[in-house]
Amino acid sequence: MITEINFDGIVGPSHNYAGLSLGNLASAKNLGKVSRPREAALQGLAKMRANLERGLAQGFFLPQRRPDEGWLRALGTTPEAASPALRANAMSASSMWAANAGTVSPASDCADGRCHITVANLVTMPHRSHEWRETLAQLQLAFADPEAFCVHGPVPPPFGDEGAANHMRLCTRHEGPGVEVFVYGETGGPFPARQHREASEAIARLHGLDPERTVFALQSPKAIAAGAFHNDVVAVANERVLFAHELAFADRDALYAELRAKLPEIEIVEVPASAVSLADAITSYLFNAQLVTLPSGETALVLPGEARETPAVWNWLEAHVAGNGPIRHLFVHDLRESMANGGGPACLRLRVVADPARVDPRFLANPDKLAAIEAVVREHWPEAIAVEDLASPALWRQCVAARAALCTALDLREMDRDAF
Ligand code: SUG
């Protein structure tokens, strides 16, 4: 049975606030703050558990091995000898944001009838540029069935690709054919445009997408400059619903017209800047919500607590739900630890439309498995990390041992190796 499965990145034991992401306002603002990795992982697990209870299919990805000694070795150094900046880049737990793991095209969109996944190269940010090797190994393991999946290596640099965070899919039902929308940036004023059109076009070709059902849309430079470093900070789609901020796209009229022509059933829910400013949309992560179809067929939004705390945002949402809008339910989660690095509910998950029976079952969640992960987190994850702690050999050892314990608990010991 083809369904949408949300694979959440388990927050890794080295989760910290080193302020590494230029253009990500939360990351810059929280530079130097003491992180709480254990709490962060528990917040993520609570969201997974709640989505499972809502009747949604849930999977997970392992955190990566940190410090990434292989990457440091390739740079001619070690965790001990590296500069503080390189060391912080080698310690980031940024693979938790699984929306950046890759771009997924379900089988019904692809010429060969298989689900295609291209691992994201994440070349723009040094701390994320070394994620893809381990992500690729994990995708190849989870989606190993060659009849159902085709996993591609990264698009070669210099073309930046940040995966599903800049990709939306519109369709009448997940299992049917969809219209895939690739959103790319050209300039973001002081901030980098992380998704390049050349990379998106390469992925569309590699996945064998029908050009008639593929759309390339330019992200508004204003949105990038305001802190929308990925399009999923200002827009999200699910089945026939596109939920977007008025200022998300460079030419919204042309995009909406193209989408209406390709999918006449589309429902576009646009939030005007007069109701919610771009600044409020970005601090609250209104659009970095999971827009999901519940088993009842109704559409729901899984939001971070910050959305409820931002009056303009919450007023808009309550009015929408009270009216006849397509979003019928609001679920709010405390994801403060991830949010403080610019990662909301939608960043934490990669959507894969596929038959769960074709996925390696070790990556699929159930209540017992989530309880087992929670036990490992409670026992092994550090309680707090200050930026100075990133130089501590004891912390490196704890992070490696914690991840190894998780691999063992999930019967995924083959992932417990240096992927570089
Ligand atoms: O790439 N933050 C991530 C957040 C990614 C959010 N993902 C999506 N929007 N889909 C990033 O900017 C912060 C790391 C630090 O500062 O240590 C960070 O990498």
Side-chain angles (χ1 to χ4, degrees), residues 6-9 11-12 14-35 37 40 44 61 63-64 66-68 84-104 120-132 135 160-168 183 185 188 191-195 219 223-224 226-237 245 248 281-291 304 306 335 337-351 385-387 389-390:
N6 281 278
F7 289 84
D8 280 43
V11 180
S14 69
H15 159 64
N16 70 85
Y17 299 116
L20 300 176
S21 268
L22 176 66
N24 170 340
L25 304 183
S27 155
K29 178 173 157 228
N30 292 304
L31 160 66
K33 186 179 147 173
V34 174
S35 67
F61 293 134
Q64 299 200 346
R66 294 291 179 265
D68 190 341
L86 264 191
R87 198 190 286 126
N89 283 313
M91 279 295 277
S92 177
S94 51
S95 72
M96 72 175 83
W97 299 297
N100 307 116
T103 305
V104 184
N121 64 25
L122 295 166
V123 290
T124 306
M125 295 288 155
H127 69 289
R128 305 212 63 179
S129 66
H130 55 106
E131 280 174 38
W132 68 264
T135 302
D161 173 31
E162 305 259 331
N166 299 299
H167 175 254
M168 302 185 288
V183 184
F191 300 144
R194 288 160 68 164
Q195 182 73 36
Q219 199 186 353
I224 300 177
F229 55 96
H230 289 139
N231 175 64
D232 69 359
V233 174
V234 281
V236 59
H245 192 271
I282 290 167
T283 43
S284 68
Y285 265 36
L286 164 62
F287 299 96
N288 200 264
Q290 285 181 257
L291 189 62
E306 287 77 353
L335 294 163
E337 284 290 318
S338 167
M339 283 288 288
N341 251 338
C347 299
L348 285 163
R349 60 91 178 96
L350 184 69
R351 296 187 277 189
I385 299 181
V387 174
D389 299 335
L390 299 178

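Whatever order the structure lists them in is the order used to number ligands and atoms, beginning at 1. Each residue takes its place number in the sequence, starting with 1. Just the heavy atoms: all of them, side chains too, but no hydrogens, waters or symmetry mates, feed the values below.
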Note to self: Show me which atoms of ligand 1 lie under 4.0 Å from any heavy atom of A99.
What the structure shows: 10 (N)
Checklist line | Contact check, side chains of M168 and N231, non-hydrogen atoms, under 4.5 Å | finding: yes
Check: Does any N or O atom in E162 lie less than 3.5 angstrom from one in ligand 1, N or O only?
Finding: no
Note to self: Need the ligand 1 atom indices (1-based, order shown) with element for anything under 4.0 Å from a heavy-atom of A18.
What the structure shows: 17 (O)
Note to self: Are the side chains of L22 and P192 in contact, using a 4.5 Å heavy-atom criterion?
What the structure shows: yes
Next item on the list: Answer whether the closest heavy-atom distance between the side chains of V104 and L350 falls below 4.5 Å.
Entry: yes
Checklist line | Heavy-atom side-chain proximity of L20 to M125 below 4.5 angstrom | finding: no
Check: Relative to each other, are the rings of F287 and H245 parallel, tilted or perpendicular (30° and 60° limits)?
Finding: perpendicular
Next item on the list: Could you tell me whether some N/O pair between S94 and ligand 1 is separated by less than 3.5 angstrom?
Entry: no
Item checked: Side-chain donor/acceptor of Y17 to backbone N/O of E337, under 3.5 Å -> yes
Check: Has the side chain of D389 got a donor or acceptor atom that lies under 3.5 Å from a matching backbone atom of A386?
Finding: yes
Next item on the list: Give the numbers and elements of all ligand 1 atoms closer than 4.0 Å to a heavy atom of S21.
Entry: 1 (O), 2 (N), 11 (C), 12 (O), 13 (C), 16 (O), 18 (C), 19 (O)
Item checked: Atoms of ligand 1 close to G342 [distance to a heavy atom under 4.0 angstrom, numbered from 1] -> 4 (C), 6 (C)
Next item on the list: Check each heavy atom of R128 against ligand 1 and say whether those closer than 4.0 Å belong to the side chain, the backbone, both or neither.
Entry: side chain
Check: What are the atoms of ligand 1, with element, lying closer than 4.0 Å to any heavy atom of H127?
Finding: 14 (C), 18 (C), 19 (O)
Next item on the list: Enumerate the atoms of ligand 1 whose separation from the nearest heavy atom of S27 is less than 4.0 angstrom.
Entry: 13 (C), 15 (C), 16 (O)
Check: Which ligand 1 atoms does A165 reach within 4.0 Å, using its non-hydrogen atoms?
Finding: 10 (N)
Check: N166 and D232: side chain to side chain contact (heavy atoms under 4.5 Å, CB included), yes or no, with the steps?
Finding: CA-CA 6 Å; N166 299 299; D232 69 359; over 6 Å; no
Item checked: Where ligand 1 meets N24 - atom numbers and elements under 4.0 angstrom, heavy-atom basis -> 2 (N), 3 (C), 4 (C), 11 (C), 12 (O)
Next item on the list: Name the closest protein heavy atom to atom 8 (C) of ligand 1, giving the residue it belongs to and the distance to 0.1 Å.
Entry: C347 SG, 2.7 Å
